[in-house]
S.K.: 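The structure's right below; bear with me while I get my questions together.
The figures that follow rest on heavy atoms only: side chains count, while hydrogens, waters and symmetry mates do not. Indexing begins at 1, ligand by ligand and atom by atom, following the structure's order. Keep in mind it's a predicted model, so treat the numbers as computed, not measured.
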Amino acid sequence: MTIDVRYPDLEGASVLITGGGTGIGACLTEGFHRQGARVAFIDIADRASRDLCRRLEEETGREALFLHADLRDIDALKAAAAMAEHQNGPVDVLVNNAALDTRHAIEEVTPDFWDENQAINLRHQFFAVQAVTPGMKAAGKGSIINFTSTAFMINGGGFPSYTAAKGGVVGLTKGLAGALGPFGIRVNAIAPGWVLTERQRALWVTPDALKAHVDRQCLKIEIEPEDMVGPCLFLASNASRAMTAQTLIVDAGSV
Ligand SMILES: NC(=O)C1=CN([C@@H]2O[C@H](COP(=O)(O)OP(=O)(O)OC[C@H]3O[C@@H](n4cnc5c(N)ncnc54)[C@H](O)[C@@H]3O)[C@@H](O)[C@H]2O)C=CC1
Ligand SMILES: O=C1OC[C@@H](O)[C@H](O)[C@H]1O
């Protein structure tokens with residue numbers, strides 16, 4: 001699927017994406033790269049991330065910057081953000097995309113599991129914002145996009161720590177929008193429905209589960225990771241300059 005849209009203000013913009021090496025994140029990396037943005041992305045999936053960089057360079061003649069860092073390690077996250085700014089200039093657009101949606105039964109959850117799960121699904125989003133806001137404040141502008149999920153809106157029962165974190169992302173988004181709006185920085189969220197990445201297809205997509213999900217959607221389509229790119233570019237660009245503190249639901253109409 002090609003994203004046939006152009007936002008001229010994104011050309012040359014410094015964009016930092018977490019979890020940009022696979023899944024939805026890889027489509028976002030490619031989408032911003034093809035707008036002419038200077039993209040850096042943080043991931044732990046080394047091979048896939050390098051393959052993505054190589055393919056983009058072959059196809060466009062320009063490089064995207066892969067930074068290996070485990071987002072549960074806040075010092076590593078901050079070092080990666082500093083490297084992105086050193087290489088590409090102060091971050092104009094931050095996309096907090098990385099997450100881990102492993103299923104867990106209530107009785108299996110330990111305090112350590114809970115903390116780890118929050119660390120990869122919520123905590124790093126705040127600290128990535130903390131890392132890039134000095135540059136955004138100095139520039140008097142910036143756009144931050146946090147990935148939440150409709151899973152908590154439809155009472156998804158298979159991963160309570162994940163849904164708690166994703167509900168938290170909406171609260172975080174609104175609180176940050178209030179704090180950063182006076183500095184010209186916008187903060188919005190995207191809530192995808194069920195997006196059929198390779199990982200989803202390998203782990204959880206069965207004909208019955210897919211049919212049940214598509215049946216509840218207004219649009220009878222299978223949502224692809226590329227479907228997240230247009231909404232994310234829109235929130236990043238000046239096209240949405242009067243929007244902040246909002247959650248854009250991209251779920252083919254199921255909540
Ligand atoms: N795929 C779906 O159906 C849905 C996804 N979402 C949200 O969309 C976003 C992207 O989702 P997917 O592409 O499906 O996720 P994914 O699990 O396929 O990819 C996440 C990326 O983050 C990276 N990552 C994971 N842990 C990391 C860590 N500790 N440090 C650095 N990088 C790490 C992974 O290597 C991977 O590249 C997430 O925030 C997810 O919660 C929301 C609703 C539905
Ligand atoms: O947020 C989500 O919603 C749908 C789930 O199946 C998926 O694993 C998760 O990322």
Side-chain angles (χ1 to χ4, degrees), residues 16-31 40-53 66-81 95-104 115-125 127-128 145-170 172-173 189-206 209-210 212-214 216-217 222-229 231-232 247-252 254-255:
L16 178 61
I17 302 172
T18 66
T22 76
I24 293 170
C27 291
L28 300 177
T29 295
E30 178 161 0
F41 66 95
I42 299 172
D43 212 302
I44 46 174
D46 292 344
R47 190 168 173 177
S49 298
R50 290 206 188 93
D51 287 351
L52 174 62
C53 288
F66 163 51
L67 298 161
H68 175 102
D70 188 324
L71 293 159
R72 293 168 298 181
D73 176 347
I74 301 303
D75 288 341
L77 158 57
K78 292 202 162 177
V95 184
N96 275 318
N97 161 78
L100 187 63
D101 56 0
T102 38
R103 276 45 175 171
H104 44 274
D115 289 346
E116 277 287 289
N117 197 267
Q118 296 300 307
I120 185 51
N121 286 315
L122 179 59
R123 188 178 69 171
H124 65 90
Q125 292 204 2
F127 287 100
I145 298 133
N146 298 327
F147 270 75
T148 175
S149 171
T150 58
F152 84 89
M153 302 172 188
I154 61 171
N155 313 321
F159 36 22
S161 178
Y162 175 82
T163 47
K166 290 301 184 182
V169 168
V170 175
L172 178 68
T173 299
I190 290 180
W194 198 11
V195 182
L196 303 179
T197 62
E198 278 177 30
R199 174 179 150 81
Q200 298 294 319
R201 288 189 188 279
L203 293 177
W204 298 300
V205 176
T206 63
L210 187 56
H213 201 84
V214 172
R216 72 174 289 162
Q217 295 174 181
E222 295 183 4
I223 306 175
E224 302 293 341
E226 289 82 358
D227 289 313
M228 300 302 122
V229 176
C232 194
T247 297
L248 204 54
I249 298 176
V250 189
D251 70 341
S254 57
V255 300

S.K.: Under a heavy-atom criterion of less than 4.0 Å, does Lys166 contact ligand 1?
M.R.: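 A heavy atom of Lys166 does come that close to ligand 1.
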
S.K.: For Ala76 and Asp70, which heavy atoms make the closest approach, and how far apart are they?
M.R.: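 Taking every non-hydrogen atom into account, CB-O, 4.2 Å.
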
S.K.: Which part of Met228 is near ligand 1, with near meaning a heavy atom under 4.0 Å away: side chain, backbone, both or neither?
M.R.: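 It is neither part, as no heavy atom is under 4.0 Å.
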
S.K.: Which residue supplies the protein heavy atom nearest to atom 17 (O) of ligand 1, what is that atom called, and how far is it?
M.R.: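 For atom 17 (O) of ligand 1, the nearest protein heavy atom comes out as Arg199 NE, 3.3 Å.
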
S.K.: Among all protein heavy atoms, pick the one closest to atom 11 (O) of ligand 1 and tell me residue, atom and distance.
M.R.: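 Nearest protein contact, heavy atoms only, for atom 11 (O) of ligand 1 is Ile24 CD1, 3.7 Å.
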
S.K.: Geometry only, no angles: is Gly23 polar-contacting ligand 1 at N/O separations under 3.5 Å?
M.R.: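 In fact, backbone or side chain, Gly23 has no N or O that close.
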
S.K.: Would you say ligand 1 has an N or O under 3.5 Å from any N or O of Ser149?
M.R.: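 No, no N or O pair falls under 3.5 Å.
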
S.K.: Which residue holds the protein heavy atom closest to atom 6 (O) of ligand 2, what is that atom called, and what is the gap in Å?
M.R.: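 Protein heavy atom at minimum distance: Arg103 NH2, 2.9 Å.
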
S.K.: Is the ring pair His213/Trp194 parallel, tilted or perpendicular, if the boundaries are 30 and 60 degrees?
M.R.: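 Perpendicular, since the angle between the ring planes exceeds 60°.
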
S.K.: Do you know which two heavy atoms are closest between Lys78 and Phe127, and how far apart they sit?
M.R.: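 The pair with the smallest heavy-atom distance is CE-O, 4.1 Å.
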
S.K.: With a cutoff of 4.0 Å, is Ala69 in contact with ligand 1, counting heavy atoms of the residue only?
M.R.: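 The answer is yes: ligand 1 sits under 4.0 Å from a heavy atom of Ala69.
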
S.K.: If we count only N and O atoms by modelled type, under 3.5 Å, do the side chains of Thr150 and Asp251 hold a donor and an acceptor together?
M.R.: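 Side chains of Thr150 and Asp251: no pair found under 3.5 Å.
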
S.K.: As a check for students: among Ala151, Ala98, Pro225, Gly193, identify the option with a heavy atom nearest to atom 44 (C) of ligand 1.
M.R.: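 Ranked by closest heavy atom to atom 44 (C) of ligand 1, first place is Gly193.
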
S.K.: Grab the two heavy atoms, one from Ala40 and one from Leu67, that are nearest each other, plus how far apart they are.
M.R.: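 Minimum heavy-atom separation between Ala40 and Leu67: CB-CD1, 4.2 Å.
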
S.K.: Work out whether the distance between some heavy atom of Leu100 and some atom of ligand 1 is less than 4.0 Å.
M.R.: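 Heavy atoms of Leu100 never come under 4.0 Å of ligand 1.
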
S.K.: Among all protein heavy atoms, pick the one closest to atom 22 (O) of ligand 1 and tell me residue, atom and distance.
M.R.: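 Ranked first by proximity to atom 22 (O) of ligand 1 is Gly19 CA, 3.4 Å.
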
S.K.: Can you name the atoms of ligand 2, numbered from 1 with element, that are less than 4.0 Å from a heavy atom of Gln200?
M.R.: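 In order of numbering, the contacting atoms are 6 (O), 7 (C), 8 (O), 10 (O).
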
S.K.: Return the closest protein heavy atom for atom 4 (C) of ligand 2 as residue, atom name and distance.
M.R.: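 Here the closest protein heavy atom is Trp194 CD1, 3.8 Å.
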
S.K.: Which pair of non-hydrogen atoms, one from Asp101 and one from Trp204, has the smallest distance, and what is that distance?
M.R.: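 Where Asp101 meets Trp204 most closely, the heavy atoms are OD1-CH2, 3.4 Å.
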
S.K.: Tell me the contacting part of Thr150 for ligand 1: side chain, backbone, both, or neither, using a 4.0 Å heavy-atom threshold, strictly below.
M.R.: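 The answer is neither; Thr150 stays 4.0 Å or more away.
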
S.K.: Tell me whether Gln118 contacts the main-chain N or O of Ser161 through its side chain, where contact means a donor paired with an acceptor under 3.5 Å.
M.R.: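 At least one qualifying donor-acceptor pair exists.
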
S.K.: Shortest non-hydrogen contact from Phe152 to Thr163?
M.R.: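 That would be CB-O, 3.5 Å.
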
S.K.: Can you check atom 30 (N) of ligand 1: any protein non-hydrogen atom closer than 4.0 Å?
M.R.: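 Within 4.0 Å: yes, protein heavy atom nearby.
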
S.K.: Please report the interatomic distance CD1(Ile120) to CD1(Ile44), rounded to the nearest 0.5 Å.
M.R.: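 Result: 6.5 Å between the selected atoms.
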
S.K.: Applying side-chain hydrogen bond (donor to acceptor under 3.5 Å, both in side chains), name anything that partners Asp73, two or more places apart in sequence or on another chain.
M.R.: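 Asp73 satisfies side-chain hydrogen bond (donor to acceptor under 3.5 Å, both in side chains) with no other residue.
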
S.K.: Does only the side chain of Val195 get under 4.0 Å from ligand 1, or the backbone, or both, or neither? Count heavy atoms.
M.R.: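 Under 4.0 Å from ligand 1, Val195 contributes backbone and side-chain atoms.
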
S.K.: Can you list the ligand 1 atoms lying under 4.0 Å from a non-hydrogen atom of Asp70?
M.R.: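 Counting from 1, the qualifying ligand atoms are 28 (C), 29 (N), 30 (N).
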
S.K.: Quick one: which ligand 1 atoms are inside 4.0 Å of a heavy atom on Thr148?
M.R.: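 Atoms satisfying the 4.0 Å criterion: 7 (C), 42 (C).
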
S.K.: Does even one non-hydrogen atom of Asp101 get within less than 4.0 Å of ligand 1?
M.R.: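 Checking ligand 1 against Asp101, which is what was asked, there is no heavy-atom contact under 4.0 Å.
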
S.K.: Counting only N and O atoms by type, is there a donor-acceptor contact under 3.5 Å from the side chain of Thr148 to the main-chain atoms of Val170?
M.R.: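 Checking the backbone N and O of Val170 against the side chain of Thr148, no donor-acceptor pair under 3.5 Å is found.
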
S.K.: Would you call Leu100 and Asn117 a side-chain contact if the rule is heavy atoms closer than 4.5 Å?
M.R.: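 Answer no - side chains too far apart.
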
S.K.: Can you sort out which atoms of ligand 1 are near Ala99, meaning under 4.0 Å from one of its heavy atoms?
M.R.: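 Per the distance check, 17 (O), 20 (C), 25 (C), 38 (C), 39 (O), 40 (C), 41 (O).
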
S.K.: Give, for atom NE2 of His68 and atom CG of Asp46, the distance between the pair rounded to the nearest 0.5 Å.
M.R.: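 It is 5.0 Å, given to the nearest 0.5 Å.
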
S.K.: So, the side chain of His124 versus the backbone of Thr18: is there a donor-acceptor pair under 3.5 Å, distance only?
M.R.: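 No, the answer is negative, given that no donor and acceptor are paired below the 3.5 Å cut-off.
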
S.K.: Closest non-hydrogen protein atom to atom 10 (O) of ligand 2, residue and atom name please, with distance?
M.R.: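 Going by distance alone, atom 10 (O) of ligand 2 is nearest to Asp101 OD2, 2.7 Å.
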
S.K.: So which protein heavy atom does atom 37 (O) of ligand 1 come closest to, and at what separation?
M.R.: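 Here the closest protein heavy atom is Asp43 OD2, 2.6 Å.
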
S.K.: Sort out for me which residue in Asn121, Asn96, Leu28 forms a side-chain contact (heavy atoms from CB on, under 4.5 Å) with Phe147.
M.R.: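 The option that passes is Leu28.
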
S.K.: Between Arg72 and Ala119, which heavy-atom pair has the shortest distance, and what is it?
M.R.: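 Shortest heavy-atom separation between Arg72 and Ala119 comes out as CG-CB, 4.0 Å.
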
S.K.: Of all the non-hydrogen atoms in the protein, which one sits nearest to atom 3 (O) of ligand 2, and at what distance?
M.R.: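 Atom 3 (O) of ligand 2 sits closest to the protein heavy atom Ser149 OG, 3.6 Å.
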
S.K.: Between Trp194, Trp204, Phe147, Tyr162, which one has a non-hydrogen atom sitting closest to atom 41 (O) of ligand 1?
M.R.: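 Residue with the shortest heavy-atom distance to the ligand atom: Tyr162.
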
S.K.: Taking heavy atoms and a distance under 4.0 Å, where does Ala26 meet ligand 1: side chain, backbone, both or neither?
M.R.: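 Within the 4.0 Å criterion, Ala26 makes no contact with ligand 1.
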
S.K.: Which atoms from ligand 1 have a heavy atom of Asn97 less than 4.0 Å away?
M.R.: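 In order of numbering, the contacting atoms are 9 (C), 10 (C), 38 (C), 39 (O).
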
S.K.: With rounding to the nearest 0.5 angstrom, report the CG to CD distance, Leu71 to Gln125.
M.R.: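 Interatomic distance, Leu71 CG to Gln125 CD, rounded to 0.5 Å: 10.0 Å.
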
S.K.: When you look for heavy atoms under 4.0 Å from ligand 1, do you find them on the side chain of His124, its backbone, both, or neither?
M.R.: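 Neither part.
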
S.K.: Gly25 versus ligand 1: do any nitrogen or oxygen atoms come within less than 3.5 Å of each other?
M.R.: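 No - when backbone and side-chain N and O of Gly25 are compared with those of ligand 1, no distance drops under 3.5 Å.
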
S.K.: Has the side chain of Asn97 got a donor or acceptor atom that lies under 3.5 Å from a matching backbone atom of Gly19?
M.R.: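 Present.
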
S.K.: Against heavy atoms of Ile120, which atoms of ligand 1 measure under 4.0 Å?
M.R.: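 Result: 26 (N), 27 (C), 28 (C), 29 (N).
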
S.K.: If the cut-off is 4.0 Å to any non-hydrogen atom of Trp204, which atoms of ligand 2 fall inside it?
M.R.: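 In order of numbering, the contacting atoms are 8 (O).
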
S.K.: With backbone taken as N, CA, C and O and side chain as the heavy atoms from C-beta onward, which portion of Lys166 lies under 4.0 Å from ligand 2: side chain, backbone, both, or neither?
M.R.: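 Neither part.
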
S.K.: Looking at Ala45, which atoms of ligand 1 are within less than 4.0 Å of one of its heavy atoms?
M.R.: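 Close to Ala45: 35 (O).
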
S.K.: Where is the nearest protein heavy atom to atom 19 (O) of ligand 1: which residue, which atom, and how far?
M.R.: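 Closest protein heavy atom to atom 19 (O) of ligand 1: Thr22 OG1, 3.7 Å.
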
